[in-house]
Amino acid sequence: DGKIFRFANVRGQVILITFIFTTCPDVCPLLTANFAAIQRALEEKKIKDYQLLSITTDPEHDTAPVLKNYASRFKADLKSWSFLTGSQPDLAKIWKAFGVNVVKNQSGQIQHTTFTTLVDRQGNRRVDYYGDRWRDTEVLRDIQWLRGTSLSSSP
């Protein structure tokens, strides 16, 4: 929706971050579907102290309206799941900070490190998931651990 996102605004929440682009024919739709399953599970348990972030690796194509349309295809609840874009230089700093390599190949296709990370309430990266082999149930268990409560109870 074009609003500026600040990590400081979600301090105190558990944050799950991944890197995707909307025209990805490969792993990005799988990562996004896993995030959707995680969001549904957390909402069913009435968990509210979390934030999901999907950060684009293709800011040239992934404008705010494109990301909003992509989010709607996965039935994302945008109150707790943000799809982020920005300028190439700003995003390059974020990619570097998370160790995500982004390359546009000769055909114009984006290639990037498949990386997802879980950040605790204090803003520290606690669990990294590489590739696409992780399961939503694994991440839900790790969120439970970081929240310090059972997912069967309210915050």
Side-chain angles (χ1 to χ4, degrees), residues 1-39 41-42 47-71 74 76-148:
D1 57 15
K3 293 179 188 165
I4 293 175
F5 178 86
R6 300 201 188 286
F7 278 98
N9 294 344
V10 293
R11 181 70 47 100
Q13 296 183 31
V14 175
I15 308 166
L16 186 64
I17 303 167
T18 199
F19 296 84
I20 55 104
F21 63 103
T22 61
T23 57
C24 176
D26 189 17
V27 72
C28 301
L30 176 62
L31 296 173
T32 305
N34 280 345
F35 267 47
I38 289 165
Q39 185 173 55
L42 292 171
I47 305 295
K48 301 289 185 202
D49 59 339
Y50 75 93
Q51 190 68 219
L52 305 177
L53 302 180
S54 294
I55 301 173
T56 188
T57 56
D58 186 9
E60 191 176 307
H61 177 266
D62 288 345
T63 60
V66 168
L67 286 169
K68 192 167 199 168
N69 181 51
Y70 185 77
F74 289 90
D77 180 347
L78 299 178
K79 288 190 290 286
S80 55
W81 187 356
S82 298
F83 290 76
L84 305 178
T85 191
S87 71
Q88 178 79 24
D90 286 346
L91 284 169
K93 290 176 199 166
I94 293 166
W95 302 331
K96 184 176 180 181
F98 284 98
V100 173
N101 294 315
V102 178
V103 176
K104 185 184 275 193
N105 66 24
Q106 290 178 335
S107 67
Q109 184 71 15
I110 302 294
Q111 296 176 312
H112 65 90
T113 308
T114 305
F115 177 72
T116 302
T117 190
L118 189 57
V119 177
D120 69 16
R121 297 174 194 267
Q122 292 74 41
N124 302 306
R125 272 177 45 192
R126 297 295 296 272
V127 186
D128 292 338
Y129 311 91
Y130 293 93
D132 63 345
R133 300 254 185 245
W134 56 268
R135 300 206 180 285
D136 56 333
T137 53
E138 174 185 359
V139 174
L140 286 163
R141 187 182 62 241
D142 292 338
I143 289 171
Q144 176 180 333
W145 167 64
L146 287 180
R147 290 182 74 244

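All of these numbers come straight from a predicted model, not from anything done at the bench.
- Side-chain contact between T116 and L31: present, with at least one pair of heavy atoms (C-beta onward) separated by less than 4.5 Å.
- Here CG of L84 is found 12.0 Å from CG of D90. Values are rounded to the nearest 0.5 Å.
- Defined by atom type and a distance below 3.5 Å, a donor-acceptor pair is missing between the side-chain atoms of T114 and D132.
- Inter-residue side-chain proximity for F21 and Q109 is flagged as met; some heavy-atom pair is nearer than 4.5 Å.
- Counting only heavy atoms from C-beta outward, the side chains of R121 and L146 never approach each other to under 4.5 Å.
- Under a 3.5 Å cut-off, the side chain of D120 and the backbone N or O of N124 do form a donor-acceptor pair.
- Within the 4.5 Å cutoff, side-chain heavy atoms of V102 are placed close to those of V100.
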message = One pair to check against side-chain contact (heavy atoms from CB on, under 4.5 Å): L53 and I15. What are the steps and the verdict?
response = CA-CA 7 Å; L53 302 180; I15 308 166; 3.8 Å; yes

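- Y129 has its side chain within reach of V139: a pair of non-hydrogen atoms, C-beta onward, lies under 4.5 Å apart.
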key: Trace of the side-chain contact (heavy atoms from CB on, under 4.5 Å) decision for Q111 with K104   = CA-CA 6 Å; Q111 296 176 312; K104 185 184 275 193; over 6 Å; no

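- Rounding to the nearest 0.5 Å gives a distance of 4.0 Å between CG of D58 and CD1 of I110.
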message = The test is side-chain contact (heavy atoms from CB on, under 4.5 Å); show your working for F35 and F74 and say whether it passes.
response = CA-CA 9 Å; F35 267 47; F74 289 90; over 6 Å; no

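- Within the 3.5 Å criterion, the main-chain N or O of I17 finds no donor-acceptor partner in the side chain of S54.
- With values rounded to the nearest 0.5 angstrom, K93 atom NZ is found 7.5 Å from S87 atom OG.
- The shortest side-chain heavy-atom distance between F83 and I55 does not fall under the 4.5 Å cut-off.
- The existence of a salt bridge linking R147 and D49 is confirmed by a sub-4.0 Å separation between a basic side-chain nitrogen and an acidic carboxylate oxygen.
- Between G2 and A64, the shortest heavy-atom distance links the atoms N-CB, 3.9 Å.
- Other residues, nucleotides and ligands contribute over 12 non-hydrogen atoms within 6.0 Å of the CD atom of E138.
- Proximity of V10 to F5: side-chain heavy atoms (C-beta onward) are separated by under 4.5 Å at one or more points.
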request  = Please step through side chain to side chain donor-acceptor pair (under 3.5 Å) for the pair S107 and N105, ending with a clear verdict.
outcome  = CA-CA 6 Å; S107 67; N105 66 24; 2.7 Å; yes

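- The side chain to side chain donor-acceptor pair (under 3.5 Å) test with Y70 singles out one residue from T23, T32, T22, and that residue is T32.
- Residue Y130 forms a ring pair (Phe, Tyr, Trp, His ring centres under 6.0 Å) with just one option from F98, F115, F19, and that option is F115.
- In this structure, CD in Q122 is found 8.0 Å from CZ in R11, a value given to the nearest 0.5 Å.
- Among Q39, Q51, Q13, the one residue that satisfies the side chain to side chain donor-acceptor pair (under 3.5 Å) test with S80 is Q39.
- L118 CG to I38 CD1: the interatomic distance, rounded to the nearest 0.5 Å, is 9.0 Å.
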request  = Kindly indicate, with the supporting measurements, whether the criterion side-chain contact (heavy atoms from CB on, under 4.5 Å) is fulfilled by W95 and H112.
outcome  = CA-CA 10 Å; W95 302 331; H112 65 90; over 6 Å; no

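- Residue-environment remark: CZ (R135) stays at or below the threshold of 12 foreign heavy atoms within 6.0 Å.
- For the pair L140/L42, a side-chain contact is recorded, criterion being any heavy-atom separation below 4.5 Å from C-beta on.
- What you find for G99 and T113 is that their closest heavy atoms are O-OG1, 4.0 Å.
- Remark: side-chain polar atoms of T85 are not paired, donor with acceptor, to backbone N or O of T56 under 3.5 angstrom.
- Nearest heavy-atom pair across P59 and Q88 is CG-OE1, 3.3 Å.
- To the nearest 0.5 angstrom, I143 atom CD1 is 9.5 Å from I47 atom CD1.
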